[in-house]
Structures are given as structure tokens and as C-alpha cells.
Amino acid sequence: MTKRTIKTDGFRLDSSGMMRVLGGIRNNLTGLGTSRDKAASISIEPTVGLTAQECSTLRRDSGLLNTIIECYPVDAGKTWANLALAKQSADFDADALWQYINLTNRVESNDFNPSLNNDCRSLKDYFVKASTLSRLYGDCYLLLGIADGNTQDLPVNFETIQSFVGVKIIGRVSIEKNLYKINDTFWHPDRVIRFCGSPIYDEDGELFPQSDSILQNIFTAYSRWEMGNVSGASMLADYNFLLIGIKGLGLKLQSDVTTGGSLGFQALLSRLLSVDMNRSVTRSVAHDLDNEKLEMVNRTWAGAKDILDSLERAFTAATNIPSWRMFNEQTGGGLSNTITTAHLAKADWTDRVNSYKELTWRSPLEYLLKISMLAKDSPTKGKKVDAALVFPVGSFTSDIEKIQIEKSAADRSKVLIDSGIISPAEARLSYSNNEFSPSITLQDSLAPTPTPTPDPTPIPTPDPTVLVPPKA
């Protein structure tokens with residue numbers, strides 16, 4: 001009698017505890033629980049970063065990726081910020097200071113004079129372009145022209161700022177000794193604004209010298225989604241086929257093998273080409289009823305749509321962009337079938353864009369506001385004033401929706417005016433810069449005059465000398 005032996009070299013001994021608890025989950029045929037287990041081969045590979053050339057090529061080759069890169073900066077630029085002063089000044093107004101910050105009608109120096117290839121004509125254009133390039137390449141920088149008497153490698157002397165000259169866009173730079181190195185010249189961080197696409201932080205919360213392109217984060221999800229679409233198209237094109245049965249086909253091919261000829265093969269090839277040509281031209285096939293049999297084989301694949309939908313959801317989640325905005329869908333299964341849901345979708349996108357502006361643009365704008373107010377040639381003449389940046393309502397609402405928002409704001413202002421909290425002049429400030437903002441700015445010079453309260457009518461004191469006749 002032959003004794004059977006069991007080989008245990010390939011079994012994973014570290015799974016014995018799980019087997020005792022779960023009843024022995026192990027399958028020698030599939031490899032589950034053994035050294036052939038596919039899960040045991042999973043590992044984390046180092047990320048290979050996309051080069052600048054690869055990022056540029058991906059953007060130029062795919063309109064979808066171009067939309068993903070541009071949608072946040074472009075939509076954010078549709079509603080630029082406004083400037084609201086806490087106290088009105090007789091020497092200047094908010095519009096004059098905001099035009100100074102935005103480089104409107106400014107004569108720039110030679111170092112910051114726009115070239116023929118530069119399409120930026122205002123600070124908003126620079127912010128939109130720098131944000132777009134940072135999302136594409138990982139980083140983009142704005143060099144600030146600040147005339148304070150110091151060279152660009154020294155900190156800004158806020159006490160001696162004469163003028164805010166302008167800005168200039170620069171791509172990736174190197175960092176040496178806590179300074180930005182650009183074309184063999186060093187720039188102090190006070191004079192540079194950095195825009196990051198997908199920032200990378202170390203264990204101490206410090207930014208890495210170079211950030212990732214947003215294409216780096218979505219590239220895997222995009223590749224799987226694109227591959228799923230290509231595979232689905234191949235299934236539809238190739239997986240339905242015409243089955244042709246030819247009597248005696250095996251004997252003819254066997255004869256070729258025996259004789260070393262190719263008559264059987266050539267006859268078969270000629271017949272297949274003839275059938276394919278007839279299907280392409282006449283949409284019909286003629287065949288021999290005695291020696292041939294034709295049959296169309298149709299194959300269906302269950303679950304293919306669910307897989308493609310899952311890949312699309314993973315792709316949209318990686319981009320943080322709604323599907324209707326990314327794929328430019330307006331009807332049907334895209335934006336919405338109902339007006340209410342469409343409004344909710346647009347409101348959600350508006351909130352996303354406003355959050356992007358708050359996280360990406362507010363801090364640089366407030367820094368430039370400080371620089372501009374301290375400049376001696378600015379409308380404030382070098383004095384800081386109490387001012388705030390206000391991002392207005394997004395432009396992703398229709399004209400009718402904007403009118404409804406303004407009507408609600410007008411009803412609110414009427415209640416505040418009737419209550420004596422604000423004046424009509426303060427309510428009118430909501431339309432400063434020729435653009436409506438729901439925010440209310442209180443100004444002491446425009447405060448409503450309090451209405452004097454009349455003295456109460458005194459109660460007459462009875463004269464004790466007058467006798468009151470007794471009641472009958």
C-alpha cells in the first residue's frame with residue numbers, strides 16, 4: 001500500500017489563526033491562503049512623476065484633460081474680487097484703489113512690461129494664467145515688481161515702498177538658501193507669489209520645492225477610464241461575428257498539408273473576402289444552400305455598463321469636478337432633467353469655485369492689497385486703510401436667478417433701512433464697481449441719522465385748591 005504524503009512547503013503558516021477563526025479559508029486550486037495567493041503579491045511601487053513635456057502633450061492631445069486643467073481658474077476668473085472699505089475717505093474711493101491693484105491703465109517698467117506673447121492685461125488675467133499653469137505643470141510663480149529701494153534678493157521694506165510696479169509670470173524655479181533662483185538671479189520670497197497645482201508636504205508640514213501636476217493625481221483613473229471606453233468599443237465592433245460553415249473544409253485544408261499546396265487555403269480566404277465585401281457593399285450575403293451554412297453569432301455582455309460607470313465615477317472623484325461640468329452635459333443624464341436639480345448642481349459648482357478662490361487667491365490678493373496701500377504713489381498715499389476683499393456671487397446663475405437674488409437682497413435692505421440699521425446710501429454700496437454683491441458695508445459717514453424721540457406728554461398735577469364736588 002502506497003503511503004500518501006502531503007507537501008506543506010508552499011502553505012502560508014501565518015494564516016493559521018484566521019483559518020481557526022473562520023473555519024479554514026484555504027483553497028489549493030485558487031491559491032487562497034497559500035504562497036500562490038495573488039493578494040500576497042500586492043506591493044506599493046514608487047510613483048514615477050510626469051515630466052513637463054508629458055503634461056503638455058497630454059493637455060494638447062485631450063480636450064477633456066484641458067477642461068479639467070482650466071475649469072477652476074477660468075470659472076473663478078468670471079467673478080473677480082471686489083474691494084469694500086470699512087470707512088469712506090474723501091481723498092480716494094474703493095474703485096481707485098482697486099484699479100491700482102489690478103494694474104489698470106498703468107505705465108509699467110521695462111522689466112515688467114508685457115511682451116508681444118503675453119496676453120495678460122490685468123491682475124485677474126495673471127491670476128487665471130498662473131493658476132492654470134500651476135495645475136498643468138505643478139508650480140507657477142508671479143514675480144512682484146516692488147519699488148522699495150532694496151534689490152530683489154532682500155526682504156521688502158514696507159516702510160519705503162514707492163510703487164507697486166507690476167507682476168511677471170515665471171515657470172518652475174530652483175530654491176537655494178531659502179531664495180528663489182531665476183535665471184542666475186535670486187529673489188526673496190517677499191517678492192514672489194507661488195501657485196501650486198497639487199502641493200506635496202513633508203512630515204513637518206513644509207512644502208516640497210516642487211509640487212505635482214493635477215494630471216499626476218488623476219492619470220491612473222483617467223487611463224483606466226479611457227481603456228474601459230476603448231475596450232467597450234472593441235466589444236461592440238468585434239464580438240458579434242458571422243459564422244460560416246463550409247462542407248468539406250477540413251478535408252481541403254488537410255489536402256494542403258499532405259500535398260504541400262495552398263489551394264484549400266486560397267479558396268477559403270477568397271470565400272471569406274467575398275462574404276465580407278458583400279456585407280460591406282450590398283448588406284447581403286449569397287451562399288450555397290447545399291454546401292454552406294451561415295449563422296450570425298450575437299454575444300451580449302452583462303455588467304459592462306456598470307463597470308464603465310464605476311470607472312467614470314472614480315475618474316470624476318479624482319478630478320473633484322462634477323460629471324456634467326467636465327463632460328459639458330446639459331440635458332438628459334447630464335446636468336439634470338428637472339429645473340430644481342439643475343439649480344442645485346450649479347449651486348454646488350459655484351460653491352466649489354468659491355472655495356477654490358478662497359484657498360488659492362485670497363491670501364495672495366490680501367498681500368498685494370497691503371503692498372498697494374503702502375505704496376506712496378497709490379490712492380492711499382502709503383497709508384493702510386480698513387478694507388476687505390469680497391468675492392461676489394458666482395456667474396453660474398442665469399439672469400433670472402440673479403434678479404431673484406437681488407430682489408431678496410433688496411427686501412432685506414428695506415427691512416434694515418426701516419429699522420434704522422443702515423441708510424439707503426449704504427444699501428447702494430452693494431452695486432459698487434458696477435457689479436452686485438450681497439454683502440453690506442457699514443460706513444460711519446453714511447450712517448442713518450437717528451430720529452429724535454419726542455418727550456412724553458406730562459400728566460397734569462391736580463390743583464389742591466379746587467374742590468371736587470362729591471358724587472351723588
Side-chain angles (χ1 to χ4, degrees), residues 27-32 36-39 41-42 45 48 50 53-54 57-68 215 218-316 318 323 326-334:
N27 189 323
N28 293 338
L29 296 179
T30 62
L32 180 62
R36 295 175 54 212
D37 190 351
K38 301 299 186 295
S41 302
I42 296 176
E45 298 294 336
V48 179
L50 296 173
Q53 182 63 40
E54 290 171 339
T57 301
L58 286 172
R59 181 191 184 187
R60 297 175 64 181
D61 289 347
S62 173
L64 177 60
L65 294 181
N66 187 57
T67 299
I68 293 172
L215 298 181
I218 69 173
F219 184 72
T220 300
Y222 171 75
S223 301
R224 292 175 178 175
W225 173 77
E226 187 70 25
M227 184 173 57
N229 290 332
V230 174
S231 299
S234 300
M235 289 170 57
L236 295 176
D238 301 334
Y239 284 16
N240 294 334
F241 58 91
L242 181 65
L243 182 65
I244 304 177
I246 300 178
K247 188 175 182 180
L249 176 61
L251 295 176
K252 295 178 181 179
L253 297 179
Q254 181 63 32
S255 175
D256 288 348
V257 176
T258 304
T259 61
S262 61
L263 294 178
F265 174 75
Q266 293 295 333
L268 174 62
L269 180 60
S270 176
R271 180 56 180 154
L272 293 178
L273 293 175
S274 174
V275 170
D276 185 69
M277 182 179 299
N278 282 311
R279 290 182 62 196
S280 301
V281 177
T282 65
R283 302 291 181 183
S284 60
V285 178
H287 67 100
D288 187 349
L289 290 177
D290 296 329
N291 298 309
E292 291 182 344
K293 180 180 179 181
L294 270 62
E295 178 182 359
M296 191 67 185
V297 178
N298 297 316
R299 293 191 288 182
T300 59
W301 301 88
K305 183 180 183 304
D306 296 334
I307 296 175
L308 294 177
D309 290 343
S310 177
L311 292 174
E312 180 178 324
R313 287 194 299 269
F315 179 38
T316 54
S323 176
M326 184 164 55
F327 296 105
N328 196 24
E329 298 172 342
Q330 301 297 329
T331 58

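Predicted, not measured: the structure shown is a model, and the values here were computed from it.
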For a quick test of reading the model, state the closest non-hydrogen atom pair linking A221 to A314 and the distance between them. CB-O, 4.2 Å
Interatomic distance, L263 atom CG to L268 atom CG [nearest 0.5 angstrom]: 12.5 Å
Between the CG atom in L253 and the OG1 atom in T258, the distance rounded to the nearest 0.5 Å is 11.0 Å
Considering all heavy atoms, the nearest M326-T67 contact: O-CG2, 4.0 Å
Pairing residues for E54 by the side chain to side chain contact (heavy atoms under 4.5 Å, CB included) criterion, not counting sequence neighbours: L50, T51
Tell me whether the count of non-hydrogen atoms from other residues, nucleotides or ligands lying under 6.0 Å of CZ in F265 goes above 12. no
About how many Å separate CG of N291 and CD1 of I246, when rounded to the nearest 0.5 Å? 9.5 Å
Which residue pairs satisfy the side chain to side chain donor-acceptor pair (under 3.5 Å) criterion with at least one member in residues 307-316, sequence neighbours excluded? K305-D309, E312-S323
So how far is it from L64 CG to F315 CZ, rounded to the nearest 0.5 Å? 4.5 Å
Name all residues meeting the side-chain hydrogen bond (donor to acceptor under 3.5 Å, both in side chains) criterion together with N66; count only those two or more places apart in sequence or in a different chain, and write none if there are none. R59
Does any N or O in the side chain of S274 come within less than 3.5 Å of the main-chain N or O of S270, such that one atom is a donor and the other an acceptor? no
May I ask you to test the D61-L58 pair for a side-chain heavy-atom distance under 4.5 Å? no
Determine yes or no for a side-chain-to-main-chain donor-acceptor pair under 3.5 angstrom, with T57 supplying the side chain and Q53 the backbone. yes
Should Y222 and I68 be marked as a side-chain contact (heavy atoms from CB on, under 4.5 Å) after you check the CA-CA gap, both sets of side-chain angles, and the distance that decides it? CA-CA 11 Å; Y222 171 75; I68 293 172; 5.8 Å; no
